[in-house]
Number of protein chains: 2
Amino acid sequence: MGNLYRFVEPVLLYLVKRKGRAYGYELANDLRAHALTDAEIEVASLYRALRQLEVNGCVTSEWDVEGSGPARRVYVLTAHGEEHLREWIVVLDHLSRSMKRFIRGARSVVSGAGRGADE
Amino acid sequence: MGNLYRFVEPVLLYLVKRKGRAYGYELANDLRAHALTDAEIEVASLYRALRQLEVNGCVTSEWDVEGSGPARRVYVLTAHGEEHLREWIVVLDHLSRSMKRFIRGARSVVSGAGRGADE
DNA sequence: ACTCAATAGATGCAACTTGCATATATAGAC
DNA sequence: GTCTATATATGCAAGTTGCATCTATTGAGT
């Protein structure tokens, strides 16, 4: 298809909130399971997204040197981050309703837009 | 909020299909009414999106010099454009379902994510 | 000891996209 | 003659993305 890309931000906020403490490498896997699109997640952009969330004050981070293997940058959601997630929920709710409406209209103008018997 | 931007492409394909013939300036208004987000639509990016759709073979255009005022570049949907719209419908259907699922999960981990008694 | 793979995070850069300002031109109203 | 609405387009700075690449730690295999 081409476009659609992210919505990575709200999913990250959600995952960090749910896990309490989370680090990038681990989130890459969780993201694949919870992503809103099946578009491949670039690890580089994931790490950058997390740093950006920190710059915006949505998460804080510190190095975790416990355990084996290389150090992990562990993120925790801030109050502001949770507020941001709440805003995302409202936006995505609105967006998914708009899409539903659009799909109904669009299906009526194109031929053979298979709708699959579900719903 | 910040992000979310477009989904301008599928709405343009839909509008051009529904109208049969359509030009940019006119579509700017229709877009405001049918857009999936309430984000402001940049006219410049609208014109560029239409030219891009033409490059991709989704629409064809020609100048309409009838009527008063400056000439209009009138667009018509191609078969490929209609196919592309059909693909968009599938993608958006999938996406809106994913969002619904995500919203349910996310609401359960944040406090006071007002869901509005509707639905 | 040496090598390899998995884990973990990050940067460099070219290519692309976006937002904003601006340019061009026609036509009707005043 | 000037102003506004209509109509399309470009230039450029700033931001974003995809891909390749780099660093480093640890454990397993030989």
Side-chain angles (χ1 to χ4, degrees), chain A residues 1-12 15-16 19 21-33 35-56 58-76 88, chain B residues 1-12 15-16 19 21-33 35-56 58-76 88:
Chain A
M1 209 48 138
N3 288 23
L4 276 221
Y5 8 69
R6 56 242 110 198
F7 297 106
V8 164
E9 191 180 299
V11 180
L12 285 180
L15 288 172
V16 173
K19 295 168 99 69
R21 293 163 49 81
Y23 61 98
Y25 192 85
E26 165 194 40
L27 286 167
N29 297 312
D30 299 331
L31 205 50
R32 238 163 262 132
L36 300 189
T37 76
D38 41 348
E40 198 52 39
I41 306 294
E42 258 292 312
V43 269
S45 71
L46 168 63
Y47 285 119
R48 279 197 269 236
L50 286 166
R51 302 310 298 272
Q52 199 51 47
L53 285 175
E54 187 168 21
V55 169
N56 298 339
C58 291
V59 297
T60 54
S61 80
E62 51 184 57
W63 288 103
D64 176 4
V65 290
E66 314 290 312
S68 81
R72 301 161 169 180
R73 186 183 285 278
V74 175
Y75 292 92
V76 176
W88 263 113
Chain B
M1 209 49 137
N3 288 23
L4 276 219
Y5 8 70
R6 57 247 105 193
F7 296 105
V8 164
E9 191 180 299
V11 180
L12 285 180
L15 289 172
V16 173
K19 295 168 98 69
R21 293 164 49 80
Y23 60 99
Y25 192 85
E26 165 195 39
L27 286 167
N29 296 313
D30 300 329
L31 206 50
R32 237 162 263 132
L36 302 190
T37 76
D38 42 347
E40 197 54 37
I41 306 293
E42 258 291 312
V43 269
S45 70
L46 168 63
Y47 285 117
R48 279 198 268 236
L50 286 167
R51 301 310 297 273
Q52 200 51 48
L53 285 175
E54 187 168 21
V55 169
N56 299 339
C58 291
V59 297
T60 54
S61 79
E62 50 184 58
W63 287 104
D64 176 4
V65 289
E66 314 291 312
S68 82
R72 300 161 171 183
R73 186 183 286 276
V74 176
Y75 291 92
V76 176
W88 263 113

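Each chain gets a letter, A, B and so on, in the order its sequence line appears, and its residues count up from 1. Note that the coordinates shown come from a computational prediction; the quantities given were computed from them, not determined experimentally.
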Undergrad: May I ask you to evaluate whether Y47(A) reaches the phosphate of dG9(C), defined as a side-chain N or O under 4.0 Å from OP1 or OP2?
TA: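 Yes, Y47(A) has a side-chain N/O under 4.0 Å of OP1/OP2 on dG9(C).
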Undergrad: Choosing from dA10(C), dA9(D), dA7(D), which nucleotide comes nearest the side chain of P70(B)?
TA: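 Taking heavy atoms from C-beta onward, the closest nucleotide is dA7(D).
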Undergrad: Can you give the donor-acceptor pairs under 3.5 Å from side chains of residues 64-74 of chain A to other protein atoms, not counting sequence neighbours?
TA:
unit_1, atom_1, unit_2, atom_2, d
D64(A), OD1, E66(A), N, 2.9
R72(A), NH2, Y23(A), OH, 3.2
R73(A), NH1, S61(A), OG, 3.0

Undergrad: Using a cut-off of less than 4.0 Å, is there contact between a side-chain N or O of Y23(A) and OP1 or OP2 of dG9(C)?
TA: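 Checking dG9(C) against Y23(A), no side-chain N or O comes under 4.0 Å of OP1 or OP2.
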Undergrad: How many angstroms lie between atom CG of L31(A) and atom CD of E26(A), to the nearest 0.5 angstrom?
TA: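 Rounded to the nearest 0.5 Å, the CG-CD separation comes out at 11.5 Å.
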Undergrad: Output the rounded distance in Å from CD (E54(B)) to C1' (dT8(D)).
TA: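 Taking atom C1' of dT8(D) as the reference, CD of E54(B) is at 13 Å.
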Undergrad: Between P on dA8(C) and CD on E62(A), what's the gap in Å once rounded to a whole number?
TA: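 Spelled out: CD on E62(A) to P on dA8(C) is 17 Å.
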Undergrad: For F7(B) and W88(B), take the angle between the two ring planes, folded into 0 to 90°, and tell me which bin it lands in: parallel under 30, tilted 30 to 60, perpendicular over 60.
TA: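 Perpendicular, since the angle between the ring planes exceeds 60°.
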Undergrad: Hey, mind stepping through Q52(A) and N56(A) against side chain to side chain contact (heavy atoms under 4.5 Å, CB included) and telling me if it holds?
TA: CA-CA 6 Å; Q52(A) 199 51 47; N56(A) 298 339; 3.6 Å; yes
Undergrad: E42(B) CD to dC12(D) P: how many Å, rounded?
TA: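 So the CD-P distance, E42(B) to dC12(D), works out to 18 Å.
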Undergrad: Calculate the interatomic distance between R73(B) atom CZ and dT26(C) atom P; express it in whole Å.
TA: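 Whole-Å distance recorded here is 16 Å.
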Undergrad: Does dA8(C) have OP1 or OP2 sitting under 4.0 Å from an N or O in the side chain of R72(A)?
TA: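 R72(A) to dA8(C) OP1/OP2: side-chain N or O found under 4.0 Å.
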Undergrad: Round to a whole Å and report the spacing from CG of L50(A) to P of dA10(C).
TA: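 These atoms are roughly 9 Å apart.
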Undergrad: If I take atom CG in residue L46(A) and atom P in nucleotide dA8(C), what distance separates them, rounded to the nearest angstrom?
TA: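 That distance rounds to 13 Å.
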Undergrad: Checking side chain to side chain contact (heavy atoms under 4.5 Å, CB included) between Y75(B) and each of R51(B), K19(B), E62(B), R21(B), which is the one that passes?
TA: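 Checked R51(B), K19(B), E62(B), R21(B) against Y75(B); only one passes side chain to side chain contact (heavy atoms under 4.5 Å, CB included): R51(B).
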Undergrad: Measure from the side-chain heavy atoms of A44(B) and tell me the nearest of dG27(D), dC20(C), dA27(C).
TA: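 In terms of side-chain proximity for A44(B), the closest of dG27(D), dC20(C), dA27(C) is dC20(C).
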Undergrad: Please compare R48(B) and E26(B) by the position of their nearest nucleotide in DNA chain D and report the one closer to 5'.
TA: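 Result of the comparison: E26(B).
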Undergrad: What is the separation between atom CD on Q52(B) and atom P on dT8(D), rounded to the nearest whole Å?
TA: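 Taking CD of Q52(B) and P of dT8(D), I get 17 Å after rounding.
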Undergrad: When you get a sec, tell me which of dG9(C), dG18(D), dA24(D) is the closest nucleotide to the side chain of Y25(A)?
TA: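 That would be dG9(C).
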Undergrad: What is the distance, to the nearest angstrom, from the CG atom on L53(A) to the C1' atom on dT16(D)?
TA: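 Taking CG of L53(A) and C1' of dT16(D), I get 15 Å after rounding.
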Undergrad: Under 4.0 Å: is that the gap between some side-chain N or O of R51(A) and OP1 or OP2 of dG9(C)?
TA: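 Looking at the OP1 and OP2 atoms of dG9(C), neither is under 4.0 Å from any side-chain N or O of R51(A).
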